[in-house]
Amino acid sequence: MQFAVVSLFPELVAQVAEHGVVGRAVERGIVSLALQNPRDYADDVHRTVDDRPYGGGPGMVMKYEPAAKAIDAAREHVAEDSPVVCLSPAGRVFDQSVALRLAKLPGLILLAGRYEGVDERLIKSHVDEELSLGDFVLSGGEIAAMAVIDAVTRLLPGVLGDAESAIQDSFMDGLLDCPHYTRPESISGQDVPAVLLSGDHAEIARWRYKQALGRSYLRRPDLVSKLNLDRQQQTLLDEFLKESGT
Ligand code: 9WO
């Protein structure tokens, strides 16, 4: 999959491709990341990319022309039918189902805004979709763009190993993860649950699924109500609630 990001801080965005899962995917040629800086397309001597807002008020607005030229240049690095996505708290919420949809695309251009916002006419003429990570404000769209690249890359065939993919699949059915433990067995009187030391793999799988259901129910009831639990799941959840005294 071909990603291109339009940003005034390309060296920040480049970091996502220099570490971890995304870094390996780039090394293995599964993803590419092109960067375009609107500043390189500003044609005045000061290479101006922002200007004062019409109507007055504090802050600056990202100018149309340098960003538009940077998006057009980004198109050269991605497949022809790659959409342009802008990261903004005004967008629809990015979740795993959106990540799955984007992972089917041949490419994606991500526009990361700065300042108080982007000239609305750029959104109108160049942006296909606005996406938000949630109801908070960042200083720019870069970190959100990096999150989208990471979440989408993990879904591409061959990026995760078999074991990691299996873990991802089992928790993509709409539940939170179960708790995890590693050595040592006891920390200041906090012990690893005995079942995890039992060697009984069926019982361990059952316990993990019960924990995932239970903490999803307690922390994210919205996720659980979407699921329509079957008899077996309802039994596990009832057990969890009885054991946890809730
Ligand atoms: C900021 C904003 C605040 C309230 C309502 C709508 C808004 N849109 C923007 C916006 O597009 N801002 C640009 C990108 C320029 C300023 C910094 N930007 C930004 C993106 N801040 N926060 C985000 C963001 C992106 C994705 N998910 C959460 C926040």
Side-chain angles (χ1 to χ4, degrees), residues 1 3-17 19-22 31 33-42 46-75 78 82-103 105 107-155 172 176 219-220 222-223:
M1 177 158 184
F3 293 102
V5 180
V6 172
S7 163
L8 291 168
F9 296 99
E11 57 292 314
L12 168 61
V13 179
Q15 292 293 319
V16 73
H19 306 275
V21 169
V22 180
V31 313
L33 175 61
L35 300 164
Q36 288 292 339
N37 189 342
R39 201 170 291 284
D40 295 334
Y41 299 91
H46 301 292
R47 304 218 287 161
T48 308
V49 292
D50 62 327
D51 207 341
R52 299 184 336 242
Y54 277 118
M60 299 294 272
V61 176
M62 204 157 148
K63 283 173 76 65
Y64 177 96
E65 184 152 292
K69 286 177 171 165
I71 292 172
D72 293 339
R75 290 187 207 283
V78 298
S82 305
V84 178
V85 165
C86 178
L87 289 311
S88 147
R92 56 168 296 215
V93 173
F94 176 78
D95 62 11
Q96 198 67 17
S97 69
V98 176
L100 281 160
R101 170 165 60 84
L102 298 182
L105 296 169
L108 189 61
I109 297 173
L110 295 160
L111 171 62
R114 279 274 157 176
Y115 311 112
E116 269 45 72
V118 176
D119 191 307
E120 187 65 19
R121 293 164 295 186
L122 183 70
I123 312 288
K124 269 254 149 45
S125 62
H126 281 69
V127 173
D128 299 301
E129 183 171 6
E130 289 182 77
L131 291 177
S132 167
L133 297 192
D135 293 337
F136 52 89
V137 178
L138 298 168
S139 309
E142 284 82 4
I143 293 173
M146 292 160 81
V148 169
I149 291 170
D150 188 281
V152 171
T153 297
R154 299 173 57 78
L155 296 173
M172 269 177 29
L176 303 182
R219 299 180 193 191
R220 293 293 307 279
D222 58 308
L223 294 181

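When a residue number appears, it is its place in the shown sequence, counting from 1. Atoms within each ligand, like the ligands themselves, are counted from 1 in listed order.
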Of the protein's non-hydrogen atoms, which lies at the shortest distance from atom 10 (C) of ligand 1, and what is that distance?
Pro89 CD, 4.0 Å
I'd like to check which ligand 1 atoms, numbered from 1 as shown, lie under 4.0 Å from a non-hydrogen atom of Phe136.
28 (C), 29 (C)
Ligand 1 atoms nearer than 4.0 angstrom to some heavy atom of Gly134 are 28 (C)
Which atom of Ala70 lies closest to which atom of Val6, heavy atoms considered:
CB-CG1, 3.7 Å
Using a 3.5 Å distance criterion without hydrogens, assess whether the side chain of Arg39 forms a donor-acceptor pair with backbone atoms of Arg47.
yes
Protein heavy atom at shortest distance from atom 8 (N) of ligand 1
Ser88 OG, 3.4 Å
Side-chain donor or acceptor of Thr48 paired with backbone N/O of Asp50 under 3.5 Å:
no
Roughly how far apart are Met60 CE and Glu116 CD, rounded to 0.5 Å?
9.5 Å
Looking at Glu65, Gln36, Lys69, which hits side chain to side chain donor-acceptor pair (under 3.5 Å) with Tyr41?
Gln36
Of all the atoms in ligand 1, which lie at a distance below 4.0 Å from a heavy atom belonging to Gly140?
17 (C), 18 (N), 19 (C)
For atom 5 (C) of ligand 1, is the nearest protein heavy atom closer than 4.0 Å?
no
Identify the protein heavy atom lying closest to atom 20 (C) of ligand 1, giving its residue, its atom name and the separation to 0.1 Å.
Leu87 O, 3.6 Å
Determine the minimum heavy-atom distance between Met62 and Ala112, stating which atoms define it.
CE-O, 4.1 Å
In ligand 1, the atoms that come under 4.0 Å of a heavy atom of Ser139 are 17 (C)
To the nearest 0.1 Å, how far is atom 27 (N) of ligand 1 from its closest protein heavy atom, and which atom is that?
Leu133 N, 2.8 Å
Among protein heavy atoms, which sits nearest to atom 21 (N) of ligand 1, and what does the distance come to when rounded to 0.1 Å?
Leu138 O, 3.0 Å
With rounding to the nearest 0.5 angstrom, report the CG to CZ distance, Leu131 to Phe94.
7.0 Å
Which of the atoms of ligand 1 are close to Ala144, meaning less than 4.0 Å from one of its heavy atoms?
25 (C), 26 (C)
Enumerated ligand 1 atoms positioned under 4.0 Å from heavy atoms of Ser132:
26 (C), 27 (N)
Show the numbers, then the answer: is there a side-chain contact (heavy atoms from CB on, under 4.5 Å) between Val85 and Val148?
CA-CA 10 Å; Val85 165; Val148 169; over 6 Å; no
Under 3.5 Å: donor-acceptor pair, side chain of Asp95, backbone of Val98
yes
May I ask you to list the atoms of ligand 1 that are less than 4.0 angstrom from any heavy atom of Ala90?
6 (C)
Check whether any side-chain N or O of Asp128 sits under 3.5 Å from a backbone N or O of Val84 as a donor-acceptor pair, and report yes or no.
yes
Give the residue and atom name of whichever protein heavy atom lies nearest to atom 12 (N) of ligand 1, and the separation in Å to one decimal.
Gly117 CA, 4.3 Å
Check Met62 against ligand 1 and report side chain, backbone, both or neither, counting heavy atoms closer than 4.0 Å.
neither
Considering only non-hydrogen protein atoms, determine which one is nearest to atom 16 (C) of ligand 1 and report residue, atom name and distance to 0.1 Å.
Tyr115 O, 2.8 Å
